[in-house]
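Please read these numbers as outputs of a predicted model, since none were measured by experiment. The first residue in the sequence is number 1, and the count goes up from there. Order of listing sets the numbers, starting from 1, for every ligand and every atom in it.
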Amino acid sequence: MDHFLYRYGTLFAEDVPISEIAAAVGTPFYVYSTATLLRHYRAFDEALSGMDHLVCYAMKANSNQAVLRTLAQAGAGMDVVSQGEYLRAKAAGVPGDRIVFSGVGKTAEEICVALEGGIRQFNVESEPEMEVLNAVAIELGKVAPITVRVNPDVDAKTHAKIATGKSENKFGIPIARAREVYAMAASLPGLQVIGIDVHIGSQLTDLAPFELAYQKVAELTKQLRSDGHTITRLDLGGGLGIPYYASNEAPPLPSDYGAMVERTLGHLGCEIEIEPGRLIAGNAGLMVSKVIYVKSGEGRDFLILDGAMNDLIRPAMYDAHHDIVPVVEPAPGTEKQPYDIVGPVCESGDTFAKQRDMVPLAAGDLVAFRSAGAYGAVMASEYNSRALIPEVLVHGDQFAVIRPRPTFDEMINRDTIPSWLEAHTAT
Ligand SMILES: *Cc1c(COP(=O)(O)O)cnc(C)c1O
């Protein structure tokens with residue numbers, strides 16, 4: 001459930017009409033609901049309440065400072081995958097002991113920044129990374145708490161670009177080699193082994209692959225303990241999917257997920273950590289766009305919007321489906337017609353939906369892309385020199401711009417001219 005509902009014939013974000021935000025900030029824009037963000041965070045927090053746990057929001061899904069602050073104030077930790085994300089988490093007030101550092105390519109500099117600023121743990125993904133982490137920690141006179149990310153070779157049955165738990169993927173250490181890698185970790189004085197990490201992919205709509213992976217983690221916990229390692233924390237990754245189709249059967253709820261975690265891992269007495277991103281932010285956001293033209297083509301009609309693939313790349317990148325709804329509520333029984341819904345960018349990949357049934361729309365009408373709060377704004381670019389679109393946060397009957405639209409001068413002035421081009425102007 002989210003807080004984007006029709007009231008008085010028009011779409012609202014909590015208690016604010018979308019049309020009012022559009023009038024204030026212009027289109028296109030992203031809008032997020034505080035109540036929905038908190039609702040999703042709390043659903044996970046409650047689902048794990050029977051166990052010692054921490055929900056570390058995977059901030060790559062949406063890393064706006066105001067979103068991070070909203071979740072951090074509710075008690076969330078953060079899962080970061082870069083120095084930039086680490087610094088964003090700190091800037092949002094998240095203490096180092098609630099920040100987990102994931103990712104296959106942490107550099108010595110990134111490791112150094114996190115060790116100096118404070119870190120809950122590093123999720124280590126390879127032996128070379130382990131050696132660098134050890135060396136940096138020793139140099140700083142610190143001991144780095146670590147888990148090793150294991151790759152359980154489980155098919156997450158999700159889109160190939162976001163499946164991470166098969167042996168052919170670049171992530172983690174093959175679970176069969178885990179004991180040897182943990183032995184190496186134990187021999188390095190700059191590291192302290194505290195647990196195991198696993199993350200098998202994103203947008204999973206079934207609990208079975210998770211359960212398979214977690215059973216393997218349970219087995220590994222026992223093996224590693226018998227090898228003499230201290231395993232007190234299990235980081236189970238993120239990946240629980242969201243319903244992108246309003247009409248479809250919904251994926252499992254956080255409560256189902258929590259019950260499964262307790263069933264498969266609860267007996268081990270470990271602290272449980274999870275890293276949900278999409279499920280917290282995805283359905284807490286809309287992208288709102290305006291129809292520029294309705295164009296009649298050869299046997300099909302195009303809705304040409306002012307939003308494009310550079311603003312929301314998921315359809316082009318992952319063949320993703322987003323429900324697209326008119327901001328003005330259609331009268332009941334209004335007949336629908338198929339449209340190809342596209343943006344203005346100069347390539348055919350800039351297509352949000354083909355032959356999508358919509359009520360008739362005209363130039364100037366507003367539409368809202370649902371489920372756009374995760375992997376939306378964070379993946380946006382300025383392709384075609386289109387300005388990054390603003391982000392807005394709603395809280396009850398209030399709203400605020402949490403990232404303004406840059407001016408074209410700001411965009412242009414980010415480029416710098418080398419001296420040999422400065423001498424004279426073009427002829
Ligand atoms: C992307 C990612 C997540 C979050 O995945 P969601 O599908 O957004 O929940 C969590 N952990 C790691 C290591 C990731 O790479």
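In terms of heavy atoms, A61 sits closest to G277 at CB-C, 3.7 Å.
Residues forming a ring-ring contact (aromatic ring centres under 6.0 Å, His included) with H322 (at least two apart in sequence, or on another chain): Y244. In terms of the ring-ring contact (aromatic ring centres under 6.0 Å, His included) criterion, residue partners of Y257 (sequence neighbours excluded) are, by chain and number, F210.
In terms of protein heavy-atom proximity, atom 14 (C) of ligand 1 is nearest to K60 NZ, 2.8 Å. Atom 7 (O) of ligand 1 has as its closest protein heavy atom S202 OG, 2.2 Å.
Between S371 and the options N283, L286, D323, a side-chain contact (heavy atoms from CB on, under 4.5 Å) holds for only N283.
In terms of polar-atom proximity, defined here as any N/O pair under 3.5 Å, G239 does make such a contact with ligand 1. By the 3.5 Å distance cut-off applied to N or O atoms, S102 is not counted among the residues near ligand 1. Taking only nitrogen or oxygen atoms, main chain and side chain alike, G277 reaches within less than 3.5 Å of ligand 1.
Heavy atoms of P276 come nearer than 4.0 angstrom to ligand 1 in at least one pair. Taking a 4.0 Å cut-off on heavy atoms, Y375 registers as neighbouring ligand 1. By the 4.0 Å heavy-atom criterion, D79 is counted among the residues contacting ligand 1.
Which parts of ligand 1 touch A58 is read off a 4.0 Å heavy-atom cut-off, strictly below it: atoms 3 (C), 4 (C), 10 (C).
With a 4.0 Å cut-off on non-hydrogen atoms, E275 touches ligand 1 through its backbone as well as its side chain.
For K60 and E85, the salt-bridge test fails: no basic side-chain N is under 4.0 Å from an acidic carboxylate O.
Of the possible donor and acceptor atoms, none in the side chain of D301 sits under 3.5 Å from a partner among the backbone N and O of D340.
Defined by atom type and a distance below 3.5 Å, a donor-acceptor pair is missing between the side-chain atoms of T164 and N169.
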